[in-house]
Amino acid sequence: MKKISQDKLKELLSLYVVTDEKLSLGRPDPVVAGMAVAGGAGVIQLRAKEASTRLLYEKALAIKKEVAGKAIFIINDRLDVARAADADGVHLGQDDLPAAVARRIWGPEKIIGVSVGNVEEALRAEADGADYLGAGAIFATPTKTDAQAIGLKGLEEICRTVDIPVVGIGGINKSNVLQIIAAGAAGVAVVSAVVSAPDVTKAAAELLAVVQEKPAGF
């Protein structure tokens with residue numbers, strides 16, 4: 001499989017939707033993923049930290065089938081499950097395997113994203129071979145209560161420092177999307193703004209439309 005180009009990756013990162021079945025109004029993750037992609041989401045990340053390995057693998061297969069050919073499919077934290085399901089990539093936190101190790105295990109073709117909260121972490125992840133960064137939390141968010149907000153200034157510093165695409169995450173919704181893009185991010189990663197919406201497809205489409213209104217120069 002030929003690796004996706006950096007330009008195409010940056011385009012797909014415009015709207016990055018992270019699953020959370022606890023917030024999706026009773027709708028299963030694969031259903032929500034399909035609706036989000038129908039609304040224009042370019043990346044779907046399966047995040048189900050409390051799921052057993054078997055359940056996570058089964059969810060991964062179902063989501064992969066739902067979004068194949070329409071969006072990039074990423075699995076949070078679990079390189080083993082990402083490899084088993086042949087996902088498009090894995091997203092790693094600061095307490096997970098280093099990106100350099102994941103790259104060595106999985107090879108050059110798959111996508112590796114890394115969560116970062118400051119410039120030092122961003123530079124390390126880039127040097128380790130990450131393809132993109134998830135920077136945050138930008139604003140306080142109920143979905144990650146342990147994440148300290150870095151604010152727009154922190155996001156801007158990270159975007160200015162690295163050459164790989166950055167998505168902002170944490171407390172992002174339609175009212176503040178343009179601030180994220182103006183800070184230099186390639187796109188926004190959201191959870192509740194899409195998965196908790198009564199109409200997931202509409203919510204995704206509306207967010208993407210705002211991102212695509214990005215100010216001149218971005």
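All values derive from a computational prediction rather than experimental measurement.
Tested against Glu21 for a salt bridge (Lys or Arg N to Asp or Glu O under 4.0 Å), the candidates Lys59, Arg27, Lys49, Arg47 yield a single pass: Lys59. Of the listed residues (Glu121, Glu120, Glu126), just one forms a salt bridge (Lys or Arg N to Asp or Glu O under 4.0 Å) with Arg124, and that residue is Glu120.
Val81 and Leu55 are not part of a single hydrophobic cluster, where members link through side-chain heavy atoms under 4.5 Å apart. Linking ILVMFWY residues whenever their side-chain heavy atoms come closer than 4.5 Å, directly or via other members, places Val101 and Leu133 in the same cluster.
Side-chain contact between Asp96 and His91: absent, with no pair of heavy atoms (C-beta onward) separated by less than 4.5 Å. With contacts defined as side-chain heavy-atom distances shorter than 4.5 Å, the pair Ile75/Gln45 does not qualify. Contact of the Leu13 side chain with the Val188 side chain is not registered, since no non-hydrogen atoms from C-beta on lie closer than 4.5 Å. Between Asn118 and Ile150, the closest side-chain pair of non-hydrogen atoms is not below 4.5 Å. For the pair Lys3/Pro108, no side-chain contact is recorded, criterion being any heavy-atom separation below 4.5 Å from C-beta on. The shortest distance between side-chain heavy atoms of Leu79 and Ile105 falls below 4.5 Å. Residues Ile44 and Tyr16 form no side-chain contact, since every pair of their non-hydrogen atoms from C-beta on lies 4.5 Å or further apart. Within the 4.5 Å cutoff, side-chain heavy atoms of Ile4 are placed close to those of Ile111.
Legend: residues meeting side chain to side chain contact (heavy atoms under 4.5 Å, CB included) with Ser175, ordered by chain and number and at least two apart, are Asn173.
Atom CH2 of Trp106 and atom CG of Leu97 lie 12.0 Å apart (nearest 0.5 Å). How far CG of Leu25 is from OG of Ser196: 5.5 Å, rounded to the nearest 0.5 Å. In this structure, OG1 on Thr53 lies 6.0 Å from CG on Asp80, to the nearest 0.5 angstrom. Atom CG in Asp199 sits 5.5 Å away from atom OG1 in Thr201 (nearest 0.5 Å). A distance of 8.5 Å separates CG in Asn76 from OG1 in Thr19, rounded to the nearest 0.5 Å. Atom-to-atom distance recorded for Ile181:CD1 and Gln212:CD is 10.0 Å, nearest 0.5 angstrom.
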- [ ] Carefully, step by step, assess Leu56 and Arg78 under the rule side-chain contact (heavy atoms from CB on, under 4.5 Å).
- [x] CA-CA 9 Å; Leu56 191 65; Arg78 297 289 299 274; 3.7 Å; yes
- [ ] Go through Leu152 and Ile180 one step at a time and tell me if the side-chain contact (heavy atoms from CB on, under 4.5 Å) criterion holds.
- [x] CA-CA 7 Å; Leu152 291 167; Ile180 306 300; 3.8 Å; yes
Task: Working for side-chain contact (heavy atoms from CB on, under 4.5 Å), residues Val190 and Leu15 - done: CA-CA 8 Å; Val190 297; Leu15 180 58; 4.1 Å; yes
Open item on the list: Is there a side-chain contact (heavy atoms from CB on, under 4.5 Å) between Ile74 and Leu46? Walk through the geometry before answering.
Closed with: CA-CA 6 Å; Ile74 302 288; Leu46 169 59; over 6 Å; no
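Counting only distance, with no hydrogens or angles, the side chain of Arg103 and the backbone of Lys110 share a donor-acceptor pair below 3.5 Å. Of the possible donor and acceptor atoms, none in the side chain of Asp77 sits under 3.5 Å from a partner among the backbone N and O of Leu92.
A salt bridge links Lys8 to Glu11: one of the charged nitrogens lies within less than 4.0 Å of a carboxylate oxygen. Salt-bridge formation is not detected for the pair Arg104/Asp128: no Lys NZ or Arg NE/NH1/NH2 atom is positioned less than 4.0 Å from an Asp or Glu carboxylate oxygen.
Pairing each heavy atom of Ala189 with each of Ile169, the nearest pair is O-CG1, 3.5 Å. Closest non-hydrogen pair, Gly168 versus Leu155, comes out as CA-CD1, 4.4 Å. Of all heavy-atom pairs between Phe73 and Asp88, the closest is N-OD2, 2.7 Å. Between Ala130 and Ala99 the shortest heavy-atom distance is N-CB, 4.4 Å. The two residues Gly89 and Ala82 make their nearest non-hydrogen contact at O-CB, 4.0 Å. Closest of all the heavy-atom pairs between Pro165 and Lys10 is CG-CB, 4.3 Å.
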